[in-house]
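Reminder, nothing fancy here: chain letters follow the sequence lines and each chain counts from 1. What you are looking at is a predicted structure, and each value in this text was computed from that prediction instead of being measured.
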Amino acid sequence: MATYQNLHPWTVTPAEAVALQQRLRERVRIEPLPAEPETIAGCDISFNKYEETVYAGIVVLRLSTLEVLEEVGVVSTAPFPYVPGLLTFREGPALIEAWQKLTIEPDVVMFDGHGIAHPRRMGIATHMGLWINRPSFGCGKSVLAGKFDDPAPERGNWTPMLHRGDTIGAALRTKNKVNPVFVSPGHLIDLPTAIDLTLRCDGGYRLPEPTRRAHLFVNALRREHLSPSD
DNA sequence: GCGACAG
DNA sequence: ATCTTGTCGC
């Protein structure tokens with residue numbers, strides 16, 4: 001079972017959640033990876049609109065081949081609504097449950113959302129990275145904080161995401177003439193490495209394979225849960 | 001005060 | 001995020 005650090009309770013008020021993010025901020029470390037990673041995981045959540053049940057999943061891939069090595073999923077309940085800036089308090093609990101079921105401890109974890117590209121530099125990738133004490137980064141589909149110039153149309157080009165004088169991430173083109181994705185360091189990794197890993201996880205789609213696979217996995221989990229016998 | 005606002 | 005088929009454009 002993969003381990004994690006219980007840093008705080010999840011049952012908190014929005015104001016307490018913000019205070020926790022500010023307190024955890026000083027523990028974040030943006031630095032290069034200690035070694036070349038062999039495995040990378042993707043995480044995602046799926047749910048039915050208006051329902052509190054959430055389906056969380058984590059897929060571990062071998063970085064060199066992008067083959068799936070392990071998939072774990074859980075059916076849980078979100079104790080918090082979606083509030084911009086407080087996404088971790090909605091998806092974190094279920095993702096930790098899934099993380100506990102992993103047999104493989106991935107070398108780096110990619111999240112569907114942002115890392116430090118957050119108003120308080122505490123996006124889901126950063127926050128979860130602290131809980132699992134593992135290199136982590138975010139790869140989101142839209143911006144939460146910061147501004148950027150459109151990167152050149154060819155895959156591989158990127159422009160910095162700027163917020164209050166800081167470079168918090170990158171608008172990265174993962175596919176020619178397709179909208180960029182937004183990459184930012186979570187914890188125990190740096191921006192150049194996060195960009196490099198995102199490009200190396202190319203499966204021919206806009207979204208990198210870890211995230212794309214996790215998305216397909218949790219959607220399948222949700223559908224089979226509604227129709228157990230089909 | 002007004003607009004923006006990950007999933 | 002989720003609800004959903006076809007369709008415009010490269």
Decide, yes or no, whether a salt bridge links A:Asp202 with A:Arg155 under the criterion of side-chain N to carboxylate O below 4.0 Å. yes

How would you label the contact of A:Asn176 with the nucleic acid (heavy atoms, under 4.0 Å): base, sugar-phosphate, or nothing? nothing

Regarding A:Gly123, tell me which of base, sugar-phosphate or nothing describes its non-hydrogen contacts under 4.0 Å with the strands shown. base

Walk along DNA chain B from 5' to 3' and tell me the first and last nucleotide with an atom closer than 4.0 Å to a non-hydrogen atom of chain A. B:dC5 to B:dG7

Does any part of the side chain of A:Glu91, heavy atoms only, come nearer than 4.5 Å to the side chain of A:Val54, both counted from C-beta? no

Watson-Crick or G-U pairs under 3.5 Å in DNA chain C, rendered as dot-bracket with [ ] for crossing pairs and | for another strand: ..........

If you restrict it to nitrogen or oxygen atoms, what contacts under 3.5 Å exist between nucleotides 8-10 of chain C and the protein, and what is each distance?
unit_1 : atom_1 : unit_2   : atom_2 : d
C:dC10 : O3'    : A:Lys177 : NZ     : 3.1

Atom-to-atom span, OH of A:Tyr50 to P of C:dA1 - whole angstrom: 16 Å

Could you give the CG-to-C1' distance, from A:Leu86 to C:dA1, as a whole number of Å? 16 Å

Would you tell me whether A:Arg120 and A:Gln22 have side-chain atoms, one donor and one acceptor, within less than 3.5 Å of each other? no

Answer with yes or no after comparing the ring centroid distance for A:Trp131 and A:His8 against a 6.0 Å cut-off, counting only values under it. yes

Does A:Arg90 make a cation-pi contact with A:Phe80 (under 6.0 Å, within 45 degrees of the axis)? no

Please confirm whether A:Arg222 makes a cation-pi placement over A:Phe217, using NZ or CZ under 6.0 Å from the six-membered ring centre and within 45° of the ring normal. no

For C:dT2, does either OP1 or OP2 sit under 4.0 Å from a side-chain N or O belonging to A:Ser46? yes

Assess the pair A:His127 and A:Phe89: is the distance between their ring centroids shorter than 6.0 Å? yes

Pair A:Glu209 + A:Arg62, salt bridge at N-O below 4.0 Å: no

A:Thr193 vs A:Asp190, side chain to side chain donor-acceptor pair (under 3.5 Å): CA-CA, chis, key distance, verdict: CA-CA 6 Å; A:Thr193 305; A:Asp190 57 19; 2.4 Å; yes

With a 4.0 Å cut-off, would you call A:Arg173 and A:Asp150 a salt bridge? yes

So what does A:Gly85 touch, heavy atoms closer than 4.0 Å: a base, only the sugar-phosphate, or nothing? base

d(CG, A:Asn48; P, C:dT4) in whole Å: 11 Å

Does this structure show an ion pair linking A:Lys141 with A:Asp112, if we count only N-O contacts that are shorter than 4.0 Å? yes

Please classify the nucleic acid contact of A:Leu95 as base, sugar-phosphate, or nothing, using heavy-atom distances under 4.0 Å. nothing

